[in-house]
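Before any comments, here is the structure.
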Amino acid sequence: MASTAGAMPGVSNAYGWYALAVLVLVYALNFIDRQMLTILAVDIKRDLAISDSQFGFLYGTAFGVFYAVFGIPLGKLADRWSRTGLLALGLATWSAMTMMCGMALNFWQLGVARIGVGVGEATAGPTAYSLLSDYFPPRRRATAVAIFSTGIYLGGGVALSLGTALAGAWNHAFAPGTAPLGLAGWQAAFLAVGAPGLLLALWVRTLREPVRGRFEASPSAAIPPAREAFAAFARDLGSIVPPFTLVSAARRGPRALFGNIALLALVAGAVALLSTLLGDPVQWMALGIGVYAVASWVIALRGDDPDAFSEIWGAPAVVGLNVGYGLITMLSYAMSAFGPLYVIQAYGASPAQVALFVGGGAAAGGALGAIFGGMLGDRIAGPGHNARRVLLIMGAATLALIPFGVLLITDSLAILYLTIFPLWFLLSAAIGNGSGTIVNIVPARVRATATASLFLGSTIIGLALGPYMAGRLSIALGSQRLGLGCMALVIPLALIALYISWRDLVRRKV
């Protein structure tokens, strides 16, 4: 079957590598747009009077909650409609909203723009992973996904240098009060990086759509008509986006409606309690929306598509992987959000120097770690042995604590810079194998939806909580060093969740 599929017109093995190169470029731009906020943090916090916890909210929660919530229906849409068309549409959306970040004049406007970026970027993961699983056979998927994941680190690294260069050039060219439209350098930088995405979206639309499950026993070239696909998408939105969740629940009967109302009341009570105890009500309201939306979707999925529910939420291997993956990303996202700012403020380093050594080291370490981790995962694992990939994730995450600890305790800026490469090498080896594992342990028909569930862990747990908690702890403890250090406590919890996933995979010999 694989040899026949490899010869399918328009989607050859060579074309798969070409498509992968385009997808890496898309993912790199995705993270440039996402990560620009960090290197420009000093100017943004000053101009918009933003605290560390508010910055953590903007970087993580505002983006992450809506990225996760919309990732679910968009993931299911990718299972039903043109994946290349959906990716192009999402790319155009997040690029336009990145430009809107450059027009923000206060915390709230920037928050709304970040939400828009999150909604647009929610198309990238599910569509790309689903495409890659049909461009490449199972024995090469983890490698392909790992190469795709290098876009995270290449984009994140480029964002630091690019943001510094663009903002610096703009501020140098225009004296205060003389810039066109009164734009500050950080605003001009957002406008400049958002525009190319609109052109890249046209290129993405030219990619050829591979047959779904082309390397499986029963590939299917059938794609429902666009009207059917978007009608189903609207129903999926109703099952996850408040307040339409109540309408969706009511259609399933009084019991479902009362259950959803009880869920809403429980989440609202938790939000009120956390807001009273910890403050920052916007953080907890946004997170509450995300938790309620995801829980509503999971309940609806159980009734509407029990097979998909069983493959995703009924499998300890998938749930354990999603939770463990998400906890590891709490640490990585906290470092992404506050690492550059920590070096600038604690060591007095210049933004340009931080962009070069922190951004460059993270980009190189992350990209090489993702590729090496994916290749190693493919070498040691195979059909019936995906549990070995989970062991690789656990080992890499544990070893990452060594350079992370050195980074936080050293007083030497040179030693700190030397820890960046191994830290991100190990973190990316862990994270890259998580996505490589998920596409190999679920059936082809639910891959995009399962990938969206994986991103739930990395966004609701990792992105929505990691940066905020690091910022909050930094304020409470009076030290960014201590605030970041506390994030290491999530790794033991991640190992417990991953052990559950490993044990289930061993038992089922998946």
Side-chain angles (χ1 to χ4, degrees), residues 30-70 93-122 155-156 159-160 163 167 184-191 193-194 274-275 278-290 329-330 332-342 344-345 351 458-475 480 483-484 487:
N30 179 304
F31 272 79
I32 290 173
D33 292 354
R34 184 186 308 191
Q35 194 68 17
M36 280 274 289
L37 200 67
T38 61
I39 198 63
L40 303 173
V42 173
D43 291 343
I44 293 172
K45 288 176 62 182
R46 181 195 63 233
D47 291 353
L48 303 185
I50 291 174
S51 68
D52 274 352
S53 60
Q54 287 178 318
F55 179 78
F57 169 82
L58 288 171
Y59 179 87
T61 314
F63 174 94
V65 165
F66 292 90
Y67 178 91
V69 168
F70 280 85
T93 300
W94 87 62
S95 298
M97 296 308 295
T98 297
M99 297 178 71
M100 291 299 296
C101 289
M103 302 301 293
L105 300 177
N106 55 52
F107 168 77
W108 296 104
Q109 290 178 8
L110 186 54
V112 170
R114 289 287 291 175
I115 289 171
V117 174
V119 172
E121 290 193 7
L160 301 188
W186 65 266
Q187 293 175 303
F190 275 115
L191 291 170
V193 299
L274 289 169
S275 297
L278 302 175
D280 296 323
V282 175
Q283 160 71 20
W284 303 116
M285 287 176 63
L287 187 60
I289 290 171
T329 60
M330 278 190 72
S332 62
Y333 277 125
M335 282 301 298
S336 294
F338 285 100
L341 187 61
Y342 166 68
I344 291 171
Q345 294 184 339
S458 65
T459 50
I460 294 295
I461 298 174
L463 187 52
L465 281 176
Y468 170 78
M469 290 304 299
R472 176 77 190 197
L473 288 167
S474 295
I475 294 174
Q480 280 191 343
L484 287 171
M487 302 309 298

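- A salt bridge links D52 with K45: the distance from a Lys NZ or Arg NE/NH1/NH2 to an Asp or Glu carboxylate oxygen falls below 4.0 Å.
- Atom CD of Q109 sits about 9.5 Å away from atom CE of M103, to the nearest 0.5 Å.
- To the nearest 0.5 Å, atom CD of residue E121 and atom OG1 of residue T93 are 11.0 Å apart.
- Using a 4.5 Å heavy-atom threshold, the side chains of C101 and V117 count as touching.
- Expressed to the nearest 0.5 Å, how far OG of S275 lies from CG of D280 amounts to 8.5 Å.
- Remark: the backbone N or O of S336 is paired with a side-chain donor or acceptor of Q35 at under 3.5 angstrom.
- For the atom pair CG (L278) and CE (M469), the distance works out to 7.5 Å, reported to the nearest 0.5 Å.
- Ring centroid separation for the pair W284 and F57 does not come in under the 6.0 Å cut-off.
- Within the 4.5 Å cutoff, the side chain of F190 has heavy atoms near those of the M36 side chain.
- Under the 6.0 Å distance and 45° angle rule, R34 counts as a cation-pi partner of F31.
- Here the closest heavy-atom approach between residue I39 and residue P340 is recorded as CD1-CB, 4.5 Å.
- Distance alone, capped at 3.5 Å, is enough to place a donor-acceptor pair between the R114 side chain and the L58 backbone.
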**OP:** Kindly indicate, with the supporting measurements, whether the criterion side-chain contact (heavy atoms from CB on, under 4.5 Å) is fulfilled by F63 and L463.
**Re:** CA-CA 8 Å; F63 174 94; L463 187 52; 3.1 Å; yes
Original post:
Is there a side-chain contact (heavy atoms from CB on, under 4.5 Å) between V193 and D33 once you walk through the steps?
Top reply: CA-CA 7 Å; V193 299; D33 292 354; 3.8 Å; yes
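- Between G155 and I32, the closest heavy-atom pair is O-CG1, 3.3 Å.
- Looking at every heavy atom in both residues, I475 comes nearest to S53 through CD1-N, 3.7 Å.
- Between L48 atom CG and F107 atom CZ the span is 10.0 Å, to the nearest 0.5 Å.
- Here the two rings, on Y342 and F338, have centers that are 6.0 Å apart or farther.
- For A334 against G466, the heavy-atom pair with the smallest separation is CB-O, 3.8 Å.
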**OP:** Any chance you could lay out the side-chain contact (heavy atoms from CB on, under 4.5 Å) test for Q187 and L105, step after step, and finish with the verdict?
**Re:** CA-CA 9 Å; Q187 293 175 303; L105 300 177; 4.0 Å; yes
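- Using the six-membered ring where Trp is involved, Y59 and F55 have ring planes that are parallel, under 30° apart on the 30 and 60° scheme.
- A donor-acceptor contact closer than 3.5 angstrom links the side chains of W186 and D47.
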Original post:
So T459 and V65, side-chain contact (heavy atoms from CB on, under 4.5 Å) or not? Walk me through it.
Top reply: CA-CA 7 Å; T459 50; V65 165; over 6 Å; no
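- Distance alone, capped at 3.5 Å, places no donor-acceptor pair between the T329 side chain and the S332 backbone.
- The CG atom of L465 sits 8.5 Å away from the CD1 atom of I460 when rounded to the nearest 0.5 Å.
- Heavy atoms only, all atoms of each residue included: P467 and A337 are closest at CB-CB, 3.8 Å.
- The two atoms that bring L287 and A464 nearest to each other are CD1-CB, 3.9 Å, heavy atoms only.
- No side-chain heavy atom of L473 sits less than 4.5 Å from a side-chain heavy atom of L484.
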